[in-house]
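The next block holds one structure in the form of structure tokens; read it before the comments.
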Amino acid sequence: MTQRNIPLRNLAIIAHVDHGKTTLVDEMLRQSGAVRENSEMAERAMDSNDIERERGITILAKCTSVLWEGGDEPVRLNIIDTPGHADFGGEVERILSMVDGCLLLIDATEGPMPQTKFVLSKALALGMKPIVVLNKVDRPSADPDTALDAAFDLFAALGANDEQLDFPVVYAAGRDGWADHSLEGPRENLIPLFETILDRIPAPTVDDGAHEEPFRMLATTLEADPFLGRILTGRIISGKAKPGITMKALSRNGDLIEQARVSKVLAFRGLKRQPVDEATPGDIIAIAGFSKASVSDTLCDVTATEPLPAQPIDPPTLSITLAPNDSPLAGREGDKVQSRVIRERLMRQAEGDVAISISETEAKDAFEVAGRGELQLGVLIENMRREGFELAVSRPRVVTQLDENGQALEPIEEVVIDVDDDYSGVVIEKLSQKKADLVEMKPAGAGKTRLIMHVPSRALIGYHGEFLTDTRGTGVMNRSYLEHAPYKGAIEGRRNGVLISNGDGTAVPYAIWNLEERGVMFIQPGEQIYEGMIVGENAKPNDLDVNPLKAKQLTNIRAAGKDDAVKLTPPKRMSLEQAIAYIDDDELVEVTPKSIRLRKIALKPHLRKKRAKDMA
């Protein structure tokens, strides 16, 4: 299929989590005719990953294409849906280098949020002129004027120039499929939005003679296809891409990585990629045929010598250790348990995600995985357990750096908290104990207070659950990486000890019933347990070895049937992220396709004492 030279617009959609960008893209696909009216289309079609659908968030940046024929001539819009969560910022930074403009989508109730700020600062630094879309203006709680004022203040605070500050505003309700230039408009369809995009976002800048120059393209995203192998997506800077020609890949510093024959050139059409015979400068395409080239590499003609400049990327802030599961129950629920298989899977992840770095531990028996935050690392582990892996996961640690004087610097995050006025005191108190600095405190209307705090990343590990308890589930907390700053000293960890099983076997109702007075249980009767496994939380600060296997002694006086009358409190079940945040430095989370268990690193009591002595 040959590609006609249709005018192009390349744009990204920037928004905070849950502000409605993926829903808006669904409507743009429908109204442009990219998806036939009578055809099936999944809700939030761009969120194709299972975990994205379950959590309602965008994790992977994805490209789609819309052919808009409502103007004087057809125009192809290449739209990139970016993740709104700062943990996936590695995706965002690379994506912005492919586009010429962006839609900044803001919830008319909440206004601009921290992760909007994170991505917008990158876009403004690249000189883009955003279009502001105030979404969900039909909601009773919407306050478009306040949200617009806050957006202008945000642009000014991020150092936007006069041209960027003179942004057009579109009012919309993505779910209902309408957009207008004013709140009093007819609210019929998305035509005003399409018109604004064509007016504001420039066509791709293509240098004179770029069509005749050698082919060059910066690879910005990478994925693996079972049939085509590596697929590298990017925007053509110069030359033409055709299947069958030989190209080479250059690293960021100009070293040759490999030469390869291009097997397929794919262009985005609606929700699908289609093979094309030729692609020209300015278009966003995907190329198959390379086996080693990765993100930030330059794909080019064999005669080209200079690599394209690649976008710098913020450093990882958290790391965890992943090791093969070595508990007594290992290998019963998963089929991928060898360190070799785990290594291959992690290396494959690191290839496609520049925000993650993988290294082997000194003992070569485990892997250090460094990433942007708990959510990103949690999603990686959740994907692996669904693929059949069994893993032992350590407590997260922050990634420190050294300044020129050799002083340790730790990552600091900017946390924006919206909380009911009654609960602002307890939030400030808790975070102040965790070495946080209060930067700003102001009323947010409707009985809420907005707090802006600078908090060490390690203080936020596991804090979210405590925060929801303190605010009775009404608080909203958003965080983004700020800087590395001098180490702020020790922070108090978990206050309660744990209950540890002293034997292997099956948990017994009578034993659990007797243990309930000691604390909160994590297991239920009939569960397989082993020595060193954590079965509950102690009500006191110390760890306690207990016996959850002890059955009721039967005599000729007591009847066996009385055991049925035991009434147990339901056990506390933790999600993967909660478990990883809960454990201490001497504990692990055992993750299998069916179970999440907590355990001590040293299963035997005498080994735990020896380890504690060595660590002291």
Side-chain angles (χ1 to χ4, degrees), residues 11-66 68 70 77 79-85 102-113 115-116 119-120 130-148 150-151 167-197 270-271 418 446 476 478:
L11 65 140
I13 293 193
I14 296 172
H16 184 76
V17 179
D18 204 31
H19 278 204
K21 62 184 175 298
T22 309
T23 307
L24 184 70
V25 173
D26 284 0
E27 280 302 319
M28 291 174 82
L29 286 165
R30 279 199 183 90
Q31 295 192 25
S32 67
V35 177
R36 288 202 325 274
E37 285 183 25
N38 59 349
S39 67
E40 281 280 324
M41 176 172 144
E43 186 188 354
R44 302 200 326 274
M46 296 286 277
D47 284 348
S48 51
N49 178 306
D50 283 345
I51 294 180
E52 290 180 314
R53 289 188 172 283
E54 287 168 23
R55 296 178 185 233
I57 59 171
T58 299
I59 292 170
L60 305 167
K62 303 176 197 68
C63 187
T64 188
S65 179
V66 166
W68 175 244
L77 309 177
I79 302 169
I80 295 169
D81 186 6
T82 62
H85 205 288
C102 58
L103 293 185
L104 175 63
L105 196 68
I106 297 173
D107 186 314
T109 304
E110 294 185 354
M113 298 295 274
Q115 276 127 37
T116 312
V119 188
L120 181 62
I131 297 166
V132 172
V133 180
L134 291 173
N135 196 26
K136 306 185 184 180
V137 292
D138 55 332
R139 291 195 168 180
S141 56
D143 189 351
D145 294 337
T146 305
L148 188 56
F167 52 79
V169 180
V170 177
Y171 299 90
R175 190 186 56 190
D176 299 333
W178 64 262
D180 263 303
H181 297 298
S182 70
L183 281 170
E184 291 75 39
R187 302 188 174 191
E188 290 170 349
N189 49 39
L190 292 177
I191 289 175
L193 177 60
F194 283 114
E195 289 172 344
T196 309
I197 290 170
L271 287 168
D418 284 313
V476 178
N478 295 287

Roughly how far, to the nearest 0.5 Å, is [atom2] of [Y] from [atom1] of [X]?
X: E27; Y: W178; atom1: CD; atom2: CH2; answer: 12.5 Å
X: I13; Y: L104; atom1: CD1; atom2: CG; answer: 10.5 Å
X: R139; Y: E110; atom1: CZ; atom2: CD; answer: 8.5 Å
X: T64; Y: L77; atom1: OG1; atom2: CG; answer: 10.0 Å
X: L29; Y: I79; atom1: CG; atom2: CD1; answer: 6.5 Å

Heavy-atom closest contact ([X] atom, [Y] atom, distance):
X: G174; Y: L24; result: CA-CD1, 3.8 Å
X: L134; Y: P144; result: CD1-O, 3.7 Å
X: A147; Y: G111; result: CB-CA, 4.1 Å

**Item:** Worked verdict on L193 versus M28 for side chain to side chain contact (heavy atoms under 4.5 Å, CB included)
**Value:** CA-CA 9 Å; L193 177 60; M28 291 174 82; 4.3 Å; yes
**Request:** Could you check L105, V170, L103 and say which one makes a side-chain contact (heavy atoms from CB on, under 4.5 Å) with N135?
**Result:** L105
**Close side-chain approach of L148 to F167, heavy-atom, < 4.5 Å** = yes
**Request:** State, with a plain yes or no, whether a side-chain heavy atom of R175 is found less than 4.5 Å away from one of D138.
**Result:** yes
**Item:** Trace of the side chain to side chain contact (heavy atoms under 4.5 Å, CB included) decision for C102 with I14
**Value:** CA-CA 7 Å; C102 58; I14 296 172; 3.8 Å; yes
**Request:** Please identify each residue that fulfils side-chain contact (heavy atoms from CB on, under 4.5 Å) with T146, with sequence neighbours left out.
**Result:**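 Testing T146 for side-chain contact (heavy atoms from CB on, under 4.5 Å), a comparison that skips the adjacent residues, returns D143.
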**Request:** Could you check V66 against F194 for side chain to side chain contact (heavy atoms under 4.5 Å, CB included), going step by step and ending with a plain yes or no?
**Result:** CA-CA 10 Å; V66 166; F194 283 114; 4.0 Å; yes
Side-chain donor-acceptor contacts of residues 179-192 below 3.5 Å, not counting sequence neighbours, with atom names and distances?
| residue | atom | partner | partner atom | Å |
| --- | --- | --- | --- | --- |
| D180 | OD2 | R187 | N | 2.6 |
| R187 | NH2 | L183 | O | 3.3 |
| N189 | OD1 | I191 | N | 3.2 |

